[in-house]
Participant: 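Structure incoming, see below.
Both backbone and side-chain heavy atoms feed into the values below; hydrogens, waters and symmetry mates do not.
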Amino acid sequence: MHPNATWENMMKTVTKLSLSAIAVAMAFTGSTQIAAAEDGIKVGGAVRVNYSYKEYDESSKDKLGDLDFDIFAIKFSGKKGDWGLKAEYRFTDNTNFIKYGYGYYDVNPEWQIQFGLNQTPFGNRDYISNSFWFGMPYYVGLEDDHDIGIKATFDDGTWHTDIAFYKNSEYDATENKQYAPDLYTGSFTKDGVTTTYNNEETNQLNLRQTYTLAHEGGSTTLGGSLQYGQIYNSVTKETGDRYAAAIHLDSKYNDWNLQLQALTYEFDTTDSDATDNQNPNKIAVALLDWQYEIASKGQIYSLNLSKSFKASFGSFKIYNDFGVMTPDVADNSFDNSYQNVTGVSVSSGPIFAQFDFIMGKNMTFSTEKDDHVGLPMAGDGWDQRVNINIGYYF
């Protein structure tokens with residue numbers, strides 16, 4: 001595509017987003033005087049840059065790493081009476097996408113209904129990670145994922161319940177620009193063999209229940225999550241299914257935080273056209289302008305420990321996030337995937353930065369030869385990289 005065409009398309013997207021925000025704001029305030037209204041649209045966002053150094057990449061080592069533009073994000077939030085909305089749209093150096101965008105209704109102080117592109121309730125209620133790199137569940141679509149549907153949330157300070165139904169993911173299955181992994185329709189060529197996937201997500205149910213116990217020095221939240229959905233094959237016109245289940249703990253004591261989670265998942269697709277070379281032991285997902293394969297069935301275990309500190313400039317937190325994925329497929333050649341992130345996050349006014357040292361083994365994005373999760377290992381051990389992300393939030 002010609003560079004001017006790309007610029008024109010991006011400007012059209014920005015214009016549409018801006019006009020939509022203005023229209024929604026006028027609807028909330030009843031006039032164009034947004035700032036003068038007590039209720040209305042609040043606009044915020046972030047600008048971030050990212051430094052990366054890959055110990056296993058000669059080009060990265062020769063240049064002492066790379067400093068790149070990460071994202072420009074614009075956020076909208078607003079409320080009038082019991083009705084409200086939240087949205088975030090992101091621009092990167094090579095794509096743009098919506099992270100979330102939904103309306104909500106506060107039925108009463110304990111119940112809220114969300115409708116639109118909202119966060120799927122699965123696993124630990126915040127994140128099962130402390131780092132910019134996320135935890136291993138993220139890479140199979142089970143951390144901070146967002147889909148289109150309706151969610152009911154109950155919270156009385158002790159019990160928290162999420163019940164949700166999602167019709168489908170935010171983009172078509174042939175897209176790969178979404179914020180978190182979704183099933184992907186497309187082709188992969190490896191060792192001269194091309195595999196074509198024709199899968200997409202549909203009709204997903206989620207249930208999550210947590211209980212928070214207050215104790216001296218903090219609190220502990222225990223919970224469980226269930227997810228069930230269908231997999232539609234656009235070639236065979238048949239439907240398979242997928243499920244995931246997890247138990248999780250998030251405990252805070254003084255300035256310490258311990259997170260534990262164990263989950264199991266499975267993608268059970270229908271038989272496809274024989275020319276597709278489909279392997280039932282793996283499936284394709286896509287995110288952030290990339291796509292890769294994961295084991296179609298497995299377990300993931302997460303153990304995260306962090307400690308927060310106050311400082312004259314604000315605060316900082318040191319942490320270590322560890323995750324292991326064990327494939328549970330018929331092919332014994334599939335290997336475990338590992339990821340360990342040691343880091344520190346720093347917060348000072350509008351500035352938030354994360355400094356991460358990532359070690360990966362047989363893990364996408366953190367190894368030289370193993371761009372997958374839970375497949376047979378091509379590398380020869382652990383690889384390392386450094387990532388520094390600095391953002392200004394407004």
Participant: What do the steps show when you test Y139 against S337 for side-chain contact (heavy atoms from CB on, under 4.5 Å), and what is the final call?
Facilitator: CA-CA 11 Å; Y139 297 91; S337 290; over 6 Å; no
Participant: Let me confirm one number: the CZ-CD1 distance from F154 to I163, rounded to the nearest 0.5 Å.
Facilitator: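 Output value for this atom pair is 10.5 Å.
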Participant: Do the side chains of L207 and L263 join up, straight or via other hydrophobic residues, at under 4.5 Å, putting them in one cluster?
Facilitator: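 Hydrophobic grouping puts L207 apart from L263.
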Participant: Could you pull out the closest heavy-atom pair between D370 and T367, with the gap in Å?
Facilitator: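 That would be O-OG1, 3.1 Å.
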Participant: Begin with the C-alpha distance, continue with both residues' side-chain angles, and end with the deciding distance and a verdict on ring pair (Phe, Tyr, Trp, His ring centres under 6.0 Å) for F267 and Y265.
Facilitator: CA-CA 7 Å; F267 295 92; Y265 76 88; 5.7 Å; yes
Participant: Going by distance alone, is a donor N or O of one side chain under 3.5 Å from an acceptor N or O of the other, for K167 and T202?
Facilitator: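 Short answer, yes.
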Participant: Can N130 and N304 be said to form a side chain to side chain donor-acceptor pair (under 3.5 Å), step by step?
Facilitator: CA-CA 8 Å; N130 296 283; N304 308 328; 5.3 Å; no
Participant: Within the 4.5 Å heavy-atom criterion, are F122 and R208 side-chain neighbours or not?
Facilitator: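 Side chain of F122 against side chain of R208, heavy atoms only: no contact under 4.5 Å found.
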Participant: Is it possible for you to check whether K99 lies under 6.0 Å from the centre of the six-membered ring of Y179, through NZ or CZ, and within 45° of that ring's axis?
Facilitator: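 Yes, cation above the ring, under 6.0 Å and within 45°.
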Participant: Do Q354 and S345 have a side chain donor and acceptor closer than 3.5 Å?
Facilitator: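 No.
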Participant: Do Y243 and D268 have side-chain atoms, one donor and one acceptor, less than 3.5 Å apart?
Facilitator: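 No, D268 and Y243 have no side-chain donor paired with an acceptor closer than 3.5 Å.
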Participant: Examine the side chains of N94 and D289 and answer whether a donor and an acceptor come within less than 3.5 Å of each other.
Facilitator: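 Short answer, yes.
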Participant: Looking at every heavy atom in both V329 and K297, which two are closest together, and how far apart are they?
Facilitator: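 Answer, listing the atom of V329 first, then K297: CG1-O, 3.8 Å.
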Participant: Under a plain distance cut-off of 3.5 Å, with no hydrogens placed, do T364 and D371 share a side-chain donor-acceptor pair?
Facilitator: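 Short answer, yes.
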Participant: Do you know which two heavy atoms are closest between R385 and S366, and how far apart they sit?
Facilitator: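 For R385 versus S366, the nearest heavy atoms are CD-CA, 4.1 Å.
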Participant: So does G229 get a backbone contact from the side chain of E201, meaning a donor-acceptor N/O pair under 3.5 Å?
Facilitator: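 No; zero donor-acceptor contacts below 3.5 Å.
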Participant: Counting only heavy atoms not in D62, do more than 12 sit closer than 6.0 Å to its CG atom?
Facilitator: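 Check passes, neighbour count above 12.
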Participant: Less than 4.5 Å apart, side chain to side chain, heavy atoms only: is that true for E266 and D241?
Facilitator: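 Of all side-chain heavy-atom pairs linking D241 with E266, none is under 4.5 Å.
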Participant: In terms of side-chain heavy atoms, does T212 have a donor or acceptor partner in H160 at a distance below 3.5 Å?
Facilitator: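 No, no side-chain donor-acceptor pair sits under 3.5 Å.
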Participant: Between N50 and D68, does any side-chain donor sit less than 3.5 Å from a side-chain acceptor?
Facilitator: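 No, no side-chain donor-acceptor pair sits under 3.5 Å.
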Participant: So Y338 and F322, would you call those rings parallel, tilted or perpendicular, with 30° and 60° as cut-offs?
Facilitator: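 Aromatic pair Y338/F322 classed tilted.
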Participant: Could you tell me whether the side chain of I74 reaches within less than 4.5 Å of the side chain of V43, counting heavy atoms only?
Facilitator: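 Contact flag for V43/I74 side chains = yes.
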Participant: Give me the ring orientation class for Y138 and F134: parallel if the planes are under 30° apart, tilted from 30 to 60°, perpendicular past 60°.
Facilitator: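 The arrangement is parallel - the two ring planes meet at less than 30°.
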Participant: Report yes or no: do D356 and Y319 form a side-chain donor-acceptor pair below 3.5 Å?
Facilitator: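 On atom types as modelled, these side chains qualify, holding a pair under 3.5 Å.
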Participant: Is there a chain of hydrophobic side chains (I, L, V, M, F, W, Y, each step under 4.5 Å between heavy atoms) that links Y56 to V341?
Facilitator: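 Not linked; separate clusters.
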Participant: Under 3.5 Å, is there a donor-acceptor pair linking the side chains of N362 and N336?
Facilitator: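 Result is no, nothing qualifies.
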Participant: Is it the case that Q261 and Q259 place a side-chain donor and acceptor less than 3.5 Å from each other?
Facilitator: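 Not at all, the side chains of Q261 and Q259 share no donor-acceptor pair under 3.5 Å.
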Participant: In terms of side-chain heavy atoms, does S52 have a donor or acceptor partner in D66 at a distance below 3.5 Å?
Facilitator: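 No, no side-chain donor-acceptor pair sits under 3.5 Å.
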Participant: Roughly how far, to the nearest 0.5 Å, is CZ of F97 from CG of L287?
Facilitator: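 Rounded to the nearest 0.5 Å, the CG-CZ separation comes to 9.0 Å.
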Participant: Would you say N203 and Y232 are linked by a side-chain donor-acceptor pair, where the criterion is simply a distance under 3.5 Å?
Facilitator: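 No - no donor-acceptor pair under 3.5 Å links their side chains.
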Participant: Could you grab the distance from atom CZ of F355 to atom CZ of F316, nearest 0.5 Å is fine?
Facilitator: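 Between atom CZ of F355 and atom CZ of F316 there are 12.0 Å.
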Participant: Evaluate the side-chain contact (heavy atoms from CB on, under 4.5 Å) criterion for residues K79 and D106: first the C-alpha distance (whole Å), next the side-chain angles of each, then the deciding distance (0.1 Å), finally the verdict.
Facilitator: CA-CA 10 Å; K79 190 175 183 185; D106 288 329; 2.5 Å; yes
Participant: Report yes or no: do Q227 and T120 form a side-chain donor-acceptor pair below 3.5 Å?
Facilitator: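 Their side chains do not contain a donor-acceptor pair, so the 3.5 Å distance test is not met.
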Participant: Could you please spell out the steps behind the side-chain contact (heavy atoms from CB on, under 4.5 Å) verdict for R48 and R90?
Facilitator: CA-CA 11 Å; R48 299 197 317 226; R90 294 187 173 189; 4.0 Å; yes
